[in-house]
Participant: 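Take this structure, written in structure tokens, and hold onto it; I'll ask about it next.
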Amino acid sequence: MSTAPLVLYGEPFWTSPYVFSCFVALREKRLSFSVELVDLAGGAHRRPPFLDRTLTGKVPALAHGDFWLAESTAIIEYLEEVFPPPAHPAVLPMEPFARARARQVMAWIRSDLAALRSERPTTTMFYERATAPLSPAGEAAAADLLRVAAAIVPATSPHLFGTWSIADADLTFMLHRLLANGHAVPARIAEYAAAQWQRPSVREFVDRRREPHRPHE
């Protein structure tokens with residue numbers, strides 16, 4: 001099964017933080033894969049065969065041979081289990097406490113900070129910058145993000161857990177909602193995010209050619 005072809009399904013504007021996470025994980029594991037773009041604006045994700053194969057009709061989705069899987073955390077866990085170290089570089093920390101913390105950070109980024117995600121959508125990172133100030137709820141979410149980042153970004157290591165993990169990429173992507181839009185970020189956190197943003201797997205996603213943006217349903 002591990003030799004079956006891998007296909008990552010994403011969206012044509014390359015703005016999804018969840019597609020980003022899976023794309024970076026595949027690159028970091030040095031896996032060969034192709035990319036298929038799903039027409040979200042045209043509702044292709046809500047129709048067969050994509051809907052039937054993914055169950056939830058979400059991108060990213062991963063096809064590994066005949067097996068299909070959606071939801072970014074499920075995809076990353078699957079890749080780590082099917083393509084484990086040492087044959088393939090790890091994308092999650094090896095030590096149990098660090099791995100648990102990385103999973104916590106990843107889950108929190110995906111489930112919290114709703115006001116920040118709404119008011120500083122990823123389109124403001126890759127298309128037009130935001131012009132409206134953050135609402136009180138947005139300011140509170142930004143403060144929460146920076147509070148957590150200050151607690152976990154180390155002063156003596158370029159990575160959260162000693163060696164790079166996908167949690168570094170996910171946190172950095174979230175921080176760039178602020179950095180790209182000119183918000184004040186403490187120097188240590190800004191330096192961490194800037195260094196992570198230069199990682200080759202990250203740059204490959206960031207520097208992709210993007211179509212003119214169209215909202216989708």
Side-chain angles (χ1 to χ4, degrees), residues 10-11 13-25 27-28 60 72-73 76 91-93 98 100-210 212-213 215-216:
E11 43 85 24
F13 310 113
W14 294 88
T15 61
S16 166
Y18 315 117
V19 174
F20 166 81
S21 191
C22 294
F23 181 92
V24 169
R27 278 287 183 254
E28 292 289 339
S72 60
T73 51
I76 290 165
V91 295
L92 290 169
R101 185 68 76 202
R103 285 170 167 155
Q104 178 188 359
V105 170
M106 293 165 65
W108 178 70
I109 285 171
R110 285 161 171 75
S111 63
D112 207 336
L113 308 174
L116 181 58
R117 287 187 277 116
S118 174
E119 297 175 31
R120 295 296 179 265
T122 57
T123 51
T124 66
M125 295 164 56
F126 301 110
Y127 291 93
E128 293 185 7
R129 300 293 185 247
T131 56
L134 287 172
S135 69
E139 291 281 5
D144 224 15
L145 172 62
L146 295 177
R147 176 185 59 80
V148 171
I152 63 175
V153 170
T156 57
S157 170
H159 310 302
L160 294 178
F161 306 108
T163 58
W164 182 90
S165 77
I166 198 67
D168 286 293
D170 283 2
L171 178 60
T172 293
F173 198 95
M174 180 59 81
L175 287 167
H176 271 80
R177 293 176 189 264
L178 297 177
L179 290 164
N181 285 292
H183 293 278
V185 173
R188 178 167 62 90
I189 297 170
E191 290 167 6
Y192 159 82
Q196 292 289 334
W197 208 236
Q198 295 307 311
R199 196 169 179 89
S201 60
V202 171
R203 291 310 315 173
E204 186 176 350
F205 184 96
V206 171
D207 294 334
R208 299 290 298 212
R209 185 183 68 82
R210 290 173 170 81
H213 187 258
H216 63 81

Participant: Do you know the tightest heavy-atom contact between Leu179 and Ala193?
Facilitator: CD1-CB, 3.6 Å
Participant: Regarding Asp170 and Arg110, does a basic nitrogen lie under 4.0 Å from an acidic carboxylate oxygen?
Facilitator: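 Looking at Arg110 together with Asp170, the answer is yes, because their closest N to O distance falls below 4.0 Å.
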Participant: With side chains defined as the heavy atoms from C-beta onward, is the minimum distance between Leu160 and Ser165 less than 4.5 Å?
Facilitator: no
Participant: Passes side chain to side chain contact (heavy atoms under 4.5 Å, CB included), Tyr192 versus Thr172? Steps please.
Facilitator: CA-CA 8 Å; Tyr192 159 82; Thr172 293; 3.7 Å; yes
Participant: Which heavy atom in Pro17 sits nearest to a heavy atom in Thr122, and how many Å separate them?
Facilitator: CD-CG2, 3.9 Å
Participant: For the atom pair OG (Ser72) and CD1 (Ile166), what is the distance rounded to the nearest 0.5 Å?
Facilitator: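 Between Ser72 OG and Ile166 CD1, I get 9.0 Å after rounding to 0.5 Å.
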Participant: Can you check side-chain hydrogen bond (donor to acceptor under 3.5 Å, both in side chains) on Ser201 and Glu28, steps first, answer last?
Facilitator: CA-CA 7 Å; Ser201 60; Glu28 292 289 339; 2.6 Å; yes
Participant: So how far is it from Leu171 CG to His176 NE2, rounded to the nearest 0.5 Å?
Facilitator: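 If I round to the nearest 0.5 Å, the distance is 11.0 Å.
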Participant: After noting the C-alpha distance and the side-chain angles of Met125 and Thr15, does the key distance pass the side chain to side chain contact (heavy atoms under 4.5 Å, CB included) rule?
Facilitator: CA-CA 8 Å; Met125 295 164 56; Thr15 61; over 6 Å; no
Participant: Evaluate the side-chain proximity of Phe173 to Phe205: yes if any heavy-atom separation is below 4.5 Å, no if none is.
Facilitator: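 A side-chain contact exists here, since the closest heavy-atom pair is under 4.5 Å.
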Participant: May I ask you to say whether Arg177 pairs ionically with Glu119, meaning some side-chain N is under 4.0 Å from a carboxylate O?
Facilitator: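 No salt bridge links Arg177 with Glu119.
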Participant: Side chains of Arg101 and Gln104: any donor to acceptor distance under 3.5 Å?
Facilitator: yes
Participant: Quick one, Trp108 with Asp112, criterion side-chain hydrogen bond (donor to acceptor under 3.5 Å, both in side chains). Give me CA distance, side-chain angles, the key distance, then yes/no.
Facilitator: CA-CA 6 Å; Trp108 178 70; Asp112 207 336; 3.1 Å; yes
Participant: Considering only heavy atoms from C-beta outward, does the side chain of Leu116 approach that of Leu178 to under 4.5 Å?
Facilitator: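 In short, these two side chains touch, coming nearer than 4.5 Å.
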Participant: For a quick test of reading the model, state the closest non-hydrogen atom pair linking Ala150 to Arg188 and the distance between them.
Facilitator: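 Taking Ala150 first and Arg188 second, the nearest heavy atoms are O-NH2, 3.1 Å.
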Participant: Under the side chain to side chain contact (heavy atoms under 4.5 Å, CB included) rule, what do Val202 and Gln196 come out as? Steps first, then yes or no, please.
Facilitator: CA-CA 8 Å; Val202 171; Gln196 292 289 334; 6.0 Å; no
Participant: Given 3.5 Å as the limit, does a donor-acceptor pair link the side chain of Thr124 with the main chain of Pro121, or not?
Facilitator: yes
Participant: If you take all heavy atoms of Ala107 and Ser111, which pair is closest and at what distance?
Facilitator: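 For Ala107 and Ser111, the tightest heavy-atom pair comes out as O-OG, 2.8 Å.
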Participant: Quick check on Gln198: does its CD atom have over 12 non-hydrogen neighbours (other residues, nucleotides or ligands) under 6.0 Å away?
Facilitator: yes
Participant: Would you check, one step at a time, whether the test side chain to side chain contact (heavy atoms under 4.5 Å, CB included) holds for Leu145 with Met174?
Facilitator: CA-CA 8 Å; Leu145 172 62; Met174 180 59 81; 3.6 Å; yes
Participant: At their closest point, which heavy atom of Ala184 faces which heavy atom of Leu146, and how far apart are they?
Facilitator: O-CD1, 4.0 Å
Participant: Answer yes or no on whether Arg210 is positioned over the face of Phe126, meaning its NZ or CZ is under 6.0 Å from the six-membered ring centre and within 45° of the axis.
Facilitator: yes
Participant: Would you say the ring centers of Phe23 and Trp14 fall short of 6.0 Å from each other?
Facilitator: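 Yes, ring centres under 6.0 Å apart.
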Participant: Do the side chain of Asn181 and the main chain of Arg129 share a donor and acceptor less than 3.5 angstrom apart?
Facilitator: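 Judged by distance alone, no pair lies under 3.5 Å.
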Participant: Heavy atoms only: give me the nearest Val206-Trp197 pair and the separation to one decimal.
Facilitator: CG2-CZ2, 3.5 Å
